[in-house]
Amino acid sequence: MDRYLVFGHPVRHSKSPFIHTLFARQTQQELEYGLAEPAVDEFAQALRTFFDQGGKGCNVTVPFKEQAFTLVDCLSPRAKRAGAVNTIKLTDDGVLLGDNTDGAGLVADLKSHGVTLADSRILLLGAGGAARGALAPLLAELPSELVVTNRTHAKAQQLAAEFCDLGPVTAQTYEQLAGPFDLVINSTSASLQGALPPLAPALIHTDIAIYDMMYGASDTAFISWAKQHGARQTMDGLGMLVEQAAEAFTVWRGIRPGTKQVLRELKRNLGVI
């Protein structure tokens, strides 16, 4: 049976085995999917061993995405742009192909919620790996402007400069931000600590869409804050998790699974519904 894994540290909390098991059942694909949590300095060896022992593909999560970028034999265009790899496939020719499905998963989830990206003004909070993976797919949707902001302004400037050939992306400090924005995406990990990015409440209005890449059984700190200040449409990253997994499954198996029922099952598993 074909074997797949998710590499991370820590990774025991991962819902990827649950999601991919449902995808396999839905598409009648025979595979098994497990977890691997090597020490941070042992990832390269663990990855090689997995494929030497017949592994077919894997997902890669924190903190290994940038390292995976350097370990594969070739990169997809979106992985090159992202500077990080979250999906690896062993091709029929024995080549390790690195891909990045995070941004595609984000865009697919936004569209599933009815969010219009074309001609919209988007604010992206954060300038780390999650933001980097999201930028090219977001710009491909032709927003009127995409503003990147970050506590360290130089990182936002660097990111905007790297992606400015793809569309109208600029960098601003939190203090420089002026609305209105149609969509705010929080790519920071602040919600994991119950913290908030330093965003002015005045930027939140009733017609804005709020998206937090983090998720949990209840509203994240950022979503709770946005609701308190009048945002009516708020979304967490659970749908992005499922959509990027569907994209990875498609890379591996050549067949795209449906996501709606899997997302419902995942919410039940988490106690969200």
Side-chain angles (χ1 to χ4, degrees), residues 2 4-8 11 13-35 56-62 65 76 78-79 82 84-89 97-118 120 122 130 133-138 140-141 183 185-187 191 209-220 223 233-273:
D2 291 346
Y4 296 85
L5 284 178
V6 56
F7 285 94
V11 80
H13 66 285
S14 174
K15 296 300 179 183
S16 291
F18 181 85
I19 294 169
H20 284 287
T21 297
L22 292 180
F23 284 160
R25 190 179 304 159
Q26 177 197 122
T27 58
Q28 299 181 321
Q29 298 282 301
E30 291 194 9
L31 59 87
E32 60 180 32
Y33 189 108
L35 302 170
K56 293 294 185 180
C58 65
N59 289 126
V60 182
T61 188
V62 176
K65 291 183 182 182
S76 71
R78 57 190 178 184
V85 161
N86 80 329
T87 300
I88 301 176
K89 174 184 179 179
L97 169 67
D99 201 353
N100 191 304
T101 66
D102 285 333
L106 170 65
V107 168
D109 192 36
L110 285 166
K111 289 182 175 180
S112 76
H113 284 95
V115 176
T116 299
L117 299 173
S120 64
I122 301 172
L135 270 169
L138 285 171
E141 297 298 318
L183 169 65
I185 300 171
N186 181 22
S187 77
S191 287
I210 299 292
Y211 195 99
D212 194 340
M213 289 189 186
M214 301 299 108
Y215 64 88
S218 57
D219 285 344
T220 67
I223 285 178
Q233 185 177 20
T234 59
M235 300 149 281
D236 69 14
L238 197 61
M240 176 181 172
L241 175 68
V242 175
E243 294 290 351
Q244 66 81 24
E247 188 78 9
F249 192 93
T250 306
V251 170
W252 294 328
R253 310 299 294 186
I255 183 171
R256 185 165 191 94
T259 55
K260 289 182 180 179
Q261 182 60 34
V262 172
L263 181 56
R264 282 195 292 270
E265 292 295 329
L266 181 58
K267 287 180 177 179
R268 282 196 194 94
N269 181 263
L270 287 170
V272 177
I273 57 174

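The structure presented is a predicted model; accordingly, all values stated were derived computationally and were not measured.
A heavy-atom distance below 4.5 Å is found between the side chains of Arg253 and Asp2. The closest side-chain heavy-atom distance from Leu138 to Ile185 is below 4.5 Å. When side chains are defined from C-beta on, Thr61 does not count as touching Asn86, because their heavy atoms never get closer than 4.5 Å. Considering only heavy atoms from C-beta on, Leu22 comes within 4.5 Å of Glu265 through its side chain. Put simply, the side chain of Lys267 reaches to within 4.5 Å of the side chain of Leu238, judged on heavy atoms. Contact annotation: the side chain of His20 approaches that of Asn59 to within less than 4.5 Å [non-hydrogen atoms, C-beta and beyond]. Under the 4.5 Å side-chain criterion, counting only non-hydrogen atoms from C-beta, Glu141 is not in contact with Ile122.
Under 3.5 Å, the side chains of Asp212 and Ser191 contain a donor-acceptor pair of N or O atoms. With 3.5 Å as the limit, one finds no donor-acceptor pair spanning the side chains of Asn100 and Ser76.
Using bins of under 30°, 30° to 60° and over 60° for the plane-to-plane angle, the ring pair Trp252/Tyr33 lands in the tilted bin.
Checked by atom type and distance alone, the side chain of Gln233 never pairs as donor or acceptor with a backbone atom of Gly114 at under 3.5 Å.
Lys111 and Glu243 are not joined by a salt bridge, as no carboxylate oxygen comes within less than 4.0 angstrom of a charged side-chain nitrogen.
Applying the salt bridge (charged side-chain N to carboxylate O under 4.0 Å, His left out) test between Asp99 and each of Lys65, Lys89, Arg78 identifies Arg78 as the sole match. Between Tyr211 and the choices Asp109, Thr234, Asp236, the side-chain hydrogen bond (donor to acceptor under 3.5 Å, both in side chains) rule is met once, by Asp109.
In the displayed structure, Lys56 atom NZ is contacted under 6.0 Å by at most 12 heavy atoms of other residues, nucleotides or ligands.
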